[in-house]
Amino acid sequence: MGERIFRMQMLCGYQEPDNMVASLQVKVFEDDEWKAFDLNAGSPGFLVFVYAVLSCQHMHMRLGCVDRGLHLDSAEGDIEIVTTDDWMITKLRVAFSAQLREGDVSAADVDTIVQRMKNCPVSRNLTFAPHSETSLQFHTC
C-alpha cells in the first residue's frame, strides 16, 4: 500500500499588541517545489484540512506566547501529514520556529505552549494518528 504526503509551510510576522499577525505567507509542497497556497473555493479539500491543522496550531502557539509574556517577531511553521492511499492519517508532524523580539524562554514555557498547541480543537480530533509530533523552538533577535 502506498502513501500520500502533504507538506505546508507558514511564514508569519507579528506586531504589538499581543503578537497580532502583520504578515502571513503560506506555501504548499507540490511537484517537488514550494508554491504559494491560495485558499479559495477551488482548493482541494484535504489541503484545506492540512491548512486548518497548521492554522489552529499557529493560533495556539501565538496565544500561548502572549499568555507567557513572549513577544514574537516572526515564526515559521511546517506541517507534514502522511496518509495511506485511502486517506487514513498515519503521521502528523508540526514544527514551529519562532523569533522573539526580546526575552528568554524557559523549558516550562515551551512545554506549556506545546501542550496548548496539541489541544487546539482541530488537533484534538487527530488523536488517532499513530505517529504525532509537535515541536517548538525559540530564537532571540
Side-chain angles (χ1 to χ4, degrees), residues 2-141:
E3 62 183 16
R4 302 171 196 264
I5 300 172
F6 300 88
R7 293 179 61 204
M8 197 170 277
Q9 181 181 76
M10 174 182 284
L11 304 168
C12 197
Y14 305 95
Q15 64 188 17
E16 293 298 328
D18 298 333
N19 296 331
M20 296 300 296
V21 175
S23 64
L24 178 67
Q25 180 183 17
V26 180
K27 297 179 181 180
V28 62
F29 195 74
E30 294 179 333
D31 303 323
D32 295 325
E33 65 179 319
W34 288 104
K35 299 178 181 178
F37 179 65
D38 178 27
L39 181 62
N40 61 59
S43 298
F46 201 83
L47 281 181
V48 174
F49 171 76
V50 173
Y51 177 74
V53 176
L54 183 59
S55 181
C56 190
Q57 292 270 325
H58 172 249
M59 182 182 75
H60 281 74
M61 183 275 297
R62 184 178 63 79
L63 295 176
C65 288
V66 169
D67 289 349
R68 304 298 278 196
L70 302 172
H71 302 280
L72 296 172
D73 181 61
S74 62
E76 179 177 321
D78 293 292
I79 187 170
E80 179 181 70
I81 293 181
V82 179
T83 73
T84 60
D85 277 340
D86 61 351
W87 301 96
M88 298 304 297
I89 295 173
T90 59
K91 180 181 177 185
L92 167 66
R93 184 191 57 78
V94 178
F96 273 90
S97 177
Q99 186 80 31
L100 291 174
R101 290 186 190 279
E102 60 186 44
D104 294 318
V105 178
S106 70
D109 290 331
V110 173
D111 291 343
T112 299
I113 296 167
V114 167
Q115 191 58 42
R116 183 173 181 163
M117 291 167 66
K118 289 180 179 181
N119 283 311
C120 86
V122 177
S123 298
R124 285 184 55 90
N125 285 288
L126 295 176
T127 56
F128 57 84
H131 303 284
S132 181
E133 175 186 331
T134 302
S135 65
L136 174 61
Q137 296 179 2
F138 286 97
H139 310 279
T140 304
C141 293

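Worth saying up front: this structure is predicted, and the values here are computed from it rather than measured.
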*Are L47 and M8 close enough, and set up right, to give a side-chain contact (heavy atoms from CB on, under 4.5 Å), and what steps lead you there?*
CA-CA 9 Å; L47 281 181; M8 197 170 277; 4.2 Å; yes

*Can you say whether the rings of F37 and Y51 are parallel (under 30°), tilted (30 to 60°) or perpendicular (over 60°)?*
tilted

*W87 and F46 aromatic ring geometry - parallel, tilted or perpendicular at 30°/60° bounds*: tilted

Could you tell me which non-hydrogen atom of [X] sits nearest to which non-hydrogen atom of [Y], and how far apart they are?
{"X": "G2", "Y": "D85", "value": "N-OD2, 3.2 Å"}
{"X": "A95", "Y": "R93", "value": "CB-NH1, 3.7 Å"}
{"X": "V82", "Y": "I5", "value": "CG2-CG1, 4.1 Å"}

*Does the pair R7 and W34 meet the rule for a side-chain contact (heavy atoms from CB on, under 4.5 Å), with working shown?*
CA-CA 9 Å; R7 293 179 61 204; W34 288 104; 3.5 Å; yes

Using side-chain heavy atoms (C-beta onward) and a distance below 4.5 Å, is [X] in contact with [Y]?
{"X": "F138", "Y": "L70", "answer": "yes"}
{"X": "T83", "Y": "F6", "answer": "yes"}
{"X": "H139", "Y": "S97", "answer": "yes"}
{"X": "F96", "Y": "L54", "answer": "yes"}
{"X": "P121", "Y": "H60", "answer": "yes"}
{"X": "C65", "Y": "I113", "answer": "yes"}

Between [atom1] of [X] and [atom2] of [Y], what distance do you get to the nearest 0.5 Å?
{"X": "L72", "Y": "E16", "atom1": "CG", "atom2": "CD", "result": "8.5 Å"}
{"X": "T140", "Y": "Q99", "atom1": "OG1", "atom2": "CD", "result": "7.0 Å"}
{"X": "L24", "Y": "S55", "atom1": "CG", "atom2": "OG", "result": "8.0 Å"}
{"X": "I81", "Y": "L92", "atom1": "CD1", "atom2": "CG", "result": "5.5 Å"}
{"X": "M10", "Y": "Q25", "atom1": "CE", "atom2": "CD", "result": "11.0 Å"}
{"X": "Q57", "Y": "R62", "atom1": "CD", "atom2": "CZ", "result": "14.0 Å"}

Any side-chain to backbone donor/acceptor pair from [X] onto [Y]? Under 3.5 Å, distance only.
{"X": "N40", "Y": "D38", "result": "yes"}
{"X": "N19", "Y": "Y14", "result": "no"}
{"X": "S43", "Y": "V48", "result": "no"}

*Stepwise side-chain contact (heavy atoms from CB on, under 4.5 Å) test for R116 and D67*: CA-CA 11 Å; R116 183 173 181 163; D67 289 349; 2.3 Å; yes

_Evaluate D111 against Q115 for side-chain contact (heavy atoms from CB on, under 4.5 Å), listing each step before the verdict._
CA-CA 6 Å; D111 291 343; Q115 191 58 42; over 6 Å; no

